[in-house]
> 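This is the structure, below, for whatever I ask next.
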Protein chains: 2
Amino acid sequence: MTKMPTPGAPPSPGHDGRPGRPVGLRDVARMAGVSTATVSRVLNTPERVSATLRERVAAASARLGWVPDGTARALATRRTGAVGAVFPTLSHGDFARAAEALQGELRSRGYTLLLACSHYDLAQEHLLVRQFVERGVDAVVLVGNAHDPQTIGLLDRLSVPYVKTFNYDPEWRHHCVGPDNRRAMHGLTRYLLRLGHRRFGVIAQSAHNNDRAAARLQGVRDALSEMGLSVRPQHLVEGRWTIAEGRALFRKIIEKKPWPTAVICGNAYLAVGAVLEATARGIALPGEMSIVGYDDVEIMQELPVPITTLRIRSDEVGRLAADYVVATLAGKQPSTELECEVEIMERSSSGPVPRASRRESVPRRAKGADAGRR
Amino acid sequence: MTKMPTPGAPPSPGHDGRPGRPVGLRDVARMAGVSTATVSRVLNTPERVSATLRERVAAASARLGWVPDGTARALATRRTGAVGAVFPTLSHGDFARAAEALQGELRSRGYTLLLACSHYDLAQEHLLVRQFVERGVDAVVLVGNAHDPQTIGLLDRLSVPYVKTFNYDPEWRHHCVGPDNRRAMHGLTRYLLRLGHRRFGVIAQSAHNNDRAAARLQGVRDALSEMGLSVRPQHLVEGRWTIAEGRALFRKIIEKKPWPTAVICGNAYLAVGAVLEATARGIALPGEMSIVGYDDVEIMQELPVPITTLRIRSDEVGRLAADYVVATLAGKQPSTELECEVEIMERSSSGPVPRASRRESVPRRAKGADAGRR
DNA sequence: TTGTAAGCGTTATCAC
DNA sequence: GTGATAACGCTTACAA
């Protein structure tokens with residue numbers, strides 16, 4: 001129960017080892033021969049305290065090893081300097097990176113991060129946010145745009161600033177930061193269309209309580225329908241986000257011919273699984289088929305067939321989120337950059353549509369400059 | 001500055017939208033026609049309140065949408081219900097999983113997690129711990145056994161319970177939870193010795209401020225020296241923990257012959273890199289060489305040559321850590337299971353020493369039942 | 001510049 | 001079982 005160094009030592013000794021109450025601001029004040037207000041000022045507005053007293057206080061504080069009590073300060077100032085964030089999970093590399101960057105940025109601005117995972121459960125998320133609010137967080141960071149109305153209601157009612165991340169939506173503006181999932185996938189799909197692909201497969205991440213996944217799928221659909229195309233039902237499969245799942249779903253897609261000439265995966269792990277399964281089956285990439293993913297993880301560029309994918313700077317998302325809430329708390333305008341750049345990392349897993357498929361895969365003449373056979 | 005729904009709404013309206021102060025316990029008490037003490041009791045010790053009042057209070061509370069103020073409660077009770085954790089990073093899969101599990105377990109016990117990353121910097125870690133302590137965390141979770149003495153001193157002086165994780169050391173006992181890195185690597189090395197390997201390469205993770213990495217290396221060394229063996233200097237390389245780094249370091253090891261017959265990697269990503277580089281160079285695994293890693297990540301079992309490695313249940317580490325601090329806070333004895341099981345996942349990247357190396361690689365007759373040539 | 005004293009919103013110790 | 005009321009440790013007008 002007690003810890004190592006001072007085996008029998010009860011609660012909190014002062015610097016002299018006396019068992020008395022923990023040292024507080026009053027003790028420092030007494031020792032420095034000043035009022036409590038002055039000690040407080042030394043901490044918060046040192047410039048308003050004479051150098052002499054400032055030093056006396058600092059000395060006393062150091063000598064007593066005083067650690068200011070944040071809860072008392074929070075009660076008095078009505079702000080905790082804490083920000084709560086709810087992520088779906090941390091097992092997903094991009095969320096982990098974003099969380100790390102968020103924490104780093106918050107800390108450099110004097111804030112502390114409270115972190116929790118909702119496991120893609122909005123009810124759970126609501127509970128967590130509520131818990132955060134009770135703990136007095138100054139702001140909240142959420143992932144995605146889909147939330148329990150009560151959650152948003154609570155935040156609004158209590159005037160707790162919040163920001164939605166990882167799914168920038170032009171409609172919402174100044175309330176969310178991150179990549180525009182739909183637009184990103186739209187671009188990736190157009191890239192494949194430019195390569196001549198017309199028959200697409202999609203290994204989507206389950207859109208259950210995941211508006212980012214839904215937006216990505218929508219991006220694919222939009223790009224295709226602009227060309228009068230769509231994904232055949234048997235070529236649209238969906239699952240979670242493991243490599244194993246990517247393999248299994250890819251198998252499902254190639255169950256019977258004709259195969260799609262391009263397979264778009266909803267996230268990095270699904271893409272890795274798909275590529276691994278394809279190469280294991282001797283399917284030539286990109287000779288016979290193209291496979292692309294969303295989000296970039298290191299393994300994708302190290303595999304025998306490096307995978308074309310969208311690079312999202314998730315650490316940037318974390319930083320932007322921190323910037324947003326901190327600015328809001330300071331009453332300032334957040335940085336105008338709320339949307340994150342995404343970049344197509346073109347690698348060997350994608351290429352021009354296979355010769356054999358050229359003719360048969362163009363159902364109707366498509367409009368647009370880049371639609372023809374080149 | 002204000003948020004969406006009620007554009008011009010100042011701070012905190014009651015349920016009626018009046019701009020007044022946020023609703024507090026007193027308001028609930030007044031509306032329910034009871035004393036503040038009773039409202040508090042309904043929250044904390046409902047069984048000591050008559051059903052009638054309990055319901056009246058609950059009703060009033062709900063009607064006013066009261067959210068208890070945690071900071072005030074913390075000040076009064078002298079406990080925040082928060083636990084601070086400092087991880088080196090979250091980009092490493094195992095830390096991310098541990099953090100997630102830690103948070104989940106803490107939450108189920110009513111605690112909230114404050115999370116921060118030290119980036120393998122002990123000074124930084126100290127600052128973070130200090131910040132946590134000021135914020136009034138009830139306990140702290142640290143990674144590894146190596147820390148700034150001041151950090152531990154601070155925790156001890158303020159009687160803040162803490163646990164060290166990810167490097168169980170029998171010496172420390174009841175103060176750390178996790179796998180025994182040294183012993184785990186010792187076991188893995190012995191496994192390779194049993195397969196007949198005598199010439200080893202090591203791609204170690206940098207041991208700078210990383211006692212886990214150091215312990216792992218020590219485990220290898222111990223196992224070898226028990227057989228009168230050691231790692232040749234040119235076969236011992238060290239770096240961070242990316243796949244690219246694993247590739248580069250592997251290249252260094254095979255710069256000139258004779259090659260080691262077995263290469264032990266200090267973590268999962270280094271192992272993935274080594275295996276990828278080896279196969280890219282046409283080195284047959286395990287025909288010509290064996291490669292093993294520490295820690296198991298999904299990609300390891302999905303690669304064309306699945307990688308033998310040690311499986312550490314990092315989520316278990318997180319859970320154990322939560323269990324430890326919560327039990328300590330409750331004045332109980334923590335679960336007796338502080339050490340985490342590790343398991344050798346034997347896969348295709350390792351096997352018996354190549355025939356060609358059998359003779360030359362046994363420098364002196366080794367002792368032990370499993371040392372001979374089978 | 002410095003000090004006095006009134007909160008901040010709970011909990012906890014008493015009596016009743 | 002219920003109600004006054006004094007803490008809890010700090011900040012912050014307001015005075016001096």
Side-chain angles (χ1 to χ4, degrees), chain A residues 11-12 14 20-58 60-61 64-82 133-138 158, chain B residues 11-12 14 20-58 60-61 64-82 133-138 158:
Chain A
S12 294
R21 331 181 318 296
V23 344
L25 179 151
R26 331 146 79 81
D27 304 297
V28 176
R30 197 174 313 127
M31 175 171 239
V34 301
S35 74
T36 59
T38 298
V39 177
S40 178
R41 287 194 199 99
V42 173
L43 219 66
N44 304 303
T45 51
E47 68 278 8
R48 292 192 199 168
V49 179
S50 66
T52 349
L53 289 194
R54 209 186 307 151
E55 275 165 33
R56 284 230 308 268
V57 169
S61 170
L64 292 171
W66 174 48
V67 177
D69 183 326
T71 67
R73 182 207 298 250
L75 182 55
T77 59
R78 312 276 51 220
R79 357 184 305 111
T80 55
V133 168
E134 289 197 12
R135 288 226 184 297
V137 294
D138 293 337
L158 269 45
Chain B
S12 294
R21 332 180 317 298
V23 344
L25 179 150
R26 329 149 78 82
D27 304 297
V28 176
R30 195 174 313 125
M31 176 172 238
V34 300
S35 73
T36 61
T38 297
V39 176
S40 178
R41 283 193 202 101
V42 172
L43 220 65
N44 304 301
T45 51
E47 67 279 9
R48 292 192 199 168
V49 179
S50 65
T52 349
L53 289 193
R54 210 185 308 151
E55 276 166 31
R56 284 228 311 265
V57 169
S61 169
L64 292 171
W66 174 49
V67 177
D69 183 325
T71 68
R73 182 208 298 252
L75 181 55
T77 57
R78 312 277 51 223
R79 356 183 306 110
T80 56
V133 167
E134 288 196 14
R135 286 226 186 298
V137 294
D138 293 336
L158 270 44

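Below, read A as the first sequence line, B as the second, and so on, with proteins coming before strands; counting in each chain starts at 1. Remember, it's a predicted structure, so these values are computed and weren't measured experimentally.
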> Does atom CZ of A:Arg26 have more than 12 heavy-atom neighbours, drawn from other residues, nucleotides or ligands, at distances under 6.0 Å?
no
> Look at the side chain of B:Leu75 and decide which nucleotide, out of D:dC14, D:dC8, C:dT11, has an atom nearest to it.
D:dC8
> Taking the side chain of B:Arg78 as heavy atoms from C-beta outward, which of D:dT2, D:dC10, D:dG9 is closest to it?
D:dG9
> Starting from P on D:dG1, measure out to CD on B:Glu47 and report it in whole angstrom.
10 Å
> Between C:dT10, D:dA4, D:dC14, which nucleotide has the shortest distance from any of its atoms to the side chain of B:Ser35?
D:dA4
> What contact category does B:Thr71 fall into here, base, sugar-phosphate, or nothing, at under 4.0 angstrom with non-hydrogen atoms?
nothing
> Find the distance A:Arg26:CZ to C:dG3:C1' and express it as a whole number of Å.
15 Å
> So, taking the atom named CZ in B:Arg135 and the one named CG in A:Asp69, what distance separates them when rounded to the nearest 0.5 Å?
11.5 Å
> Of the nucleotides C:dT4, D:dG3, C:dC8, which one has an atom closest to the side chain of A:Ala37?
C:dT4
> Select base, sugar-phosphate, or nothing to describe what A:Val39 touches, counting heavy atoms under 4.0 Å on all strands.
nothing
> Rounding to an integer number of Å, can you tell me how far B:Arg56 CZ sits from D:dG1 P?
16 Å
> The side chain of B:Ala76 lies closest to which of these nucleotides: C:dT13, D:dC8, C:dC8?
D:dC8
> Would you compute the distance between atom CZ of A:Arg41 and atom OG1 of A:Thr36 and round it to the nearest 0.5 angstrom?
8.5 Å
> Where each residue is assigned the nucleotide of DNA chain D containing its nearest heavy atom, which of A:Leu43 and B:Thr36 is assigned the position nearer the 5′ end?
B:Thr36
> Between the side chain of A:Thr77 and the main-chain N/O of A:Arg73, is any donor-acceptor distance below 3.5 Å?
yes
> State whether B:Arg73 places a side-chain N or O below 4.0 Å from either non-bridging phosphate oxygen (OP1 or OP2) of C:dT11.
yes
> Check this for me: B:Arg48, atom CZ, are more than 12 non-hydrogen atoms of other residues, nucleotides or ligands nearer than 6.0 Å?
no
> Quick one: B:Asp27 CG to C:dC8 C1', roughly how many Å, whole number?
14 Å
> As a test of reading the structure: which of C:dG3, D:dT11, D:dT2 is closest to the side chain of A:Thr77, going by heavy atoms?
D:dT11
> For A:Arg41 and D:dG9, give me the distance from atom CZ to atom C1', rounded to whole Å.
17 Å
> May I have the distance from A:Leu25 (atom CG) to C:dG7 (atom P), rounded to whole angstrom?
19 Å
> Under a 4.5 Å cut-off applied to non-hydrogen side-chain atoms, are B:Leu53 and B:Val42 in contact?
no
> Considering only D:dG3, D:dT11, C:dT10, which nucleotide approaches the side chain of B:Thr38 most closely?
D:dG3
> Starting from P on C:dG3, measure out to CG on A:Leu53 and report it in whole angstrom.
6 Å
> A:Arg30 CZ to D:dG9 C1': how many Å, rounded?
13 Å
> What nucleotide among D:dA4, D:dT11, C:dG9 has an atom nearest to a side-chain atom of A:Ser40?
D:dT11
> Select one nucleotide: of D:dC10, D:dT5, C:dT10, the one nearest the side-chain heavy atoms of B:Asp69.
C:dT10
